Amino acid sequence: MKISIIVPCYNEEEALPLFYAELDRVTKEMSNYEFEMLFVDDGSKDKTLERLIEFASKDERVKYISFSRNFGKESAMYAGFCNATGDYTAVMDADMQDPPALLPEMVEILEKGEYDSVATRRVSRKGEPKLRSLFAKMFYKIMNKVSDADVVDGARDFRLMKREMVEAIVNMCESNRFSKGIFGWVGFKTYWMEYKNVERVAGKTKWNFFGLFKYSMDGITNFSNAPLRIATISGFLCTFLAFVMLIFVFVKTIAFGDSVAGWPSLVCIILFIGGLQFFCIGIIGQYISKIYMETKHRPHYIVAKTNKEDVVKK
Ligand code: UDP
Ligand code: MG
């Protein structure tokens with residue numbers, strides 16, 4: 001049995017030695033499995049690649065794929081999935097927030113045969129800014145209401161899955177990628193393992209508030225048409241309201257005669273309708289921009305350097 005471990009790394013020179021030491025320890029304890037460690041260097045600007053080359057020179061299980069620039073974690077994970085050859089495949093972050101020590105337990109659960117994938121979710125958000133937690137909670141609520149990709153609150157990308165699931169993910173070749181949604185969308189029986197939030201060992205997080213906000217919006221538009229429905233429904237309601245008001249004004253004028261009063265309300269109405277139109281055009285624009293990006297069929301990532309023969313490029 002072979003286990004592939006995908007590790008997306010972006011500017012992780014400080015965390016990588018600690019991570020590799022821990023992964024090495026854990027995998028050596030699991031002596032009846034063969035391992036493949038697929039480190040994906042996502043265009044790091046620090047010494048990440050040097051570190052990976054160094055690991056690879058000492059350990060033949062280490063394979064690295066280095067991108068020509070930063071393509072983002074989603075692309076890095078996709079490159080990993082496309083190149084993983086194991087019977088089981090795991091994705092984990094390089095900062096030890098996804099503890100490698102959980103791996104033996106995860107493998108054990110898959111071995112029992114009942115589940116196709118073991119996913120992890122954190123039950124605490126200790127060490128995270130309050131506002132970020134609040135928005136995250138809201139996002140999961142909305143996402144689950146509006147899409148058929150069920151996304152569990154606190155779910156991490158840290159997962160171990162069987163070959164079938166990896167193949168399903170590789171076949172989802174969309175360029176607007178949202179892995180949390182993709183994992184849920186492909187289905188398969190998933191066991192949820194819970195653990196307390198761990199803070200990263202070294203280095204800094206690559207996320208800021210606006211980055212996360214954009215990511216959550218991508219999540220919703222990638223897996224749901226609900227925003228388009230909102231646009232349609234609000235358009236319909238406005239038309240209906242305008243019709244009722246028209247009748248009201250008409251009857252009032254016949255009964256009580258014409259008067260010029262009422263321009264402030266008119267201004268408000270014009271502004272309201274105008275705003276609503278921009279809002280709806282914006283929503284439609286979001287989807288059109290997604291279509292635009294998809295139709296270009298650009299590669300998901302460009303490999304600049306690797307020690308893997310016949311590396312898969314997608
Ligand atoms: N990462 C990446 N490309 C990026 C940003 C992040 O490959 O453009 C990697 C990063 O090196 C780490 C993982 O994705 O292994 C998670 O990143 P981070 O710890 O910054 O995210 P957080 O844990 O705060 O959600
Ligand atoms: Mg992290």
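We count ligands from 1, going down the list as the structure has it; atoms in each ligand are counted the same way. Predicted model, so just to flag it, every value in this text is computed and none were measured. Positions are given from 1 along the sequence.
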Under 4.0 Å from one or more heavy atoms of R156, ligand 1 contributes atoms 23 (O)
For E12, the ligand 1 atoms with a heavy-atom partner under 4.0 Å come out as 10 (C), 11 (O), 12 (C), 15 (O)
Going by the 4.0 angstrom heavy-atom rule, the piece of Q97 near ligand 1 is side chain
- prompt: N/O/S atom of D95 under 2.8 Å from the Mg ion (ligand 2), yes or no?
  reply: yes
In ligand 1, the atoms that come under 4.0 Å of a heavy atom of T205 are 20 (O), 21 (O), 22 (P), 24 (O)
Counting heavy atoms under 4.0 Å, the part of N70 that contacts ligand 1 is side chain
Near A94 (heavy-atom distance under 4.0 Å), the atoms of ligand 1 are 15 (O)
protein heavy-atom neighbour closest to atom 14 (O) of ligand 1 works out as K73 CD, 3.2 Å
_Side-chain (S4) to main-chain (G86) donor-acceptor, under 3.5 angstrom_ = yes
- Message: Less than 6.0 angstrom from the centroid, inside 45 degrees of the normal: does R69 satisfy that with respect to the ring of F71?
- Response: yes
Cationic tip of R177 above Y78 ring, under 6.0 Å, 45° of axis: yes
Assess the side chains of R159 and T89: does a donor N or O sit below 3.5 Å from an acceptor N or O?
-> no
Next on the checklist: Could you walk me through whether H300 and E174 satisfy the side chain to side chain contact (heavy atoms under 4.5 Å, CB included) test, starting with their C-alpha distance in whole Å, then the side-chain angles of each, then the deciding distance to 0.1 Å, before giving a yes or no?
Outcome noted: CA-CA 9 Å; H300 291 86; E174 61 215 66; 5.9 Å; no
For D95, the ligand 1 atoms with a heavy-atom partner under 4.0 Å come out as 19 (O), 23 (O)
Counting from 1 in the order shown, the ligand 1 atoms closer than 4.0 Å to a non-hydrogen atom of C9 are 7 (O), 11 (O)
Quick note on ligand 1: atoms under 4.0 Å from a heavy atom of D42 include exactly 2 (C), 3 (N), 4 (C), 7 (O), 8 (O)
Ligand 1 to R200, heavy atom cutoff 4.0 Å, flagged ligand atoms 18 (P), 19 (O), 20 (O)
Item checked: salt bridge (charged side-chain N to carboxylate O under 4.0 Å, His left out) between D218 and K290, worked out -> CA-CA 9 Å; D218 280 346; K290 294 257 144 99; 3.1 Å; yes
Practice item. Describe, in one word, how the ring planes of W207 and Y215 are oriented to each other, choosing from parallel (under 30°), tilted (30 to 60°) and perpendicular (over 60°). Key: tilted
Paired with K73, the salt bridge (Lys or Arg N to Asp or Glu O under 4.0 Å) test is passed by just one of D95, D42, D157, namely D157
protein heavy-atom neighbour closest to atom 9 (C) of ligand 1 works out as P8 O, 3.7 Å
One should read off an interatomic distance between N83 CG and E36 CD, to the nearest 0.5 angstrom, of 8.0 Å
Atom 1 (N) of ligand 1 has as its nearest protein heavy atom Y10 CB, 3.8 Å
Heavy-atom donor-acceptor pair, N307 side chain to V62 backbone, under 3.5 Å = yes
Practice item. Give a yes or no on whether Q97 keeps an N, O or S atom under 2.8 Å from the Mg ion (ligand 2). Key: yes
The protein heavy atom nearest to atom 25 (O) of ligand 1 is W207 CD1, 3.4 Å
Looking only at protein heavy atoms, what sits closest to atom 20 (O) of ligand 1 is K206 N, 2.7 Å
Query - K305, NZ: over 12 other non-hydrogen atoms inside 6.0 angstrom - result: no
When distances are taken from atom 16 (C) of ligand 1, the protein heavy atom at minimum range is D93 OD2, 3.1 Å
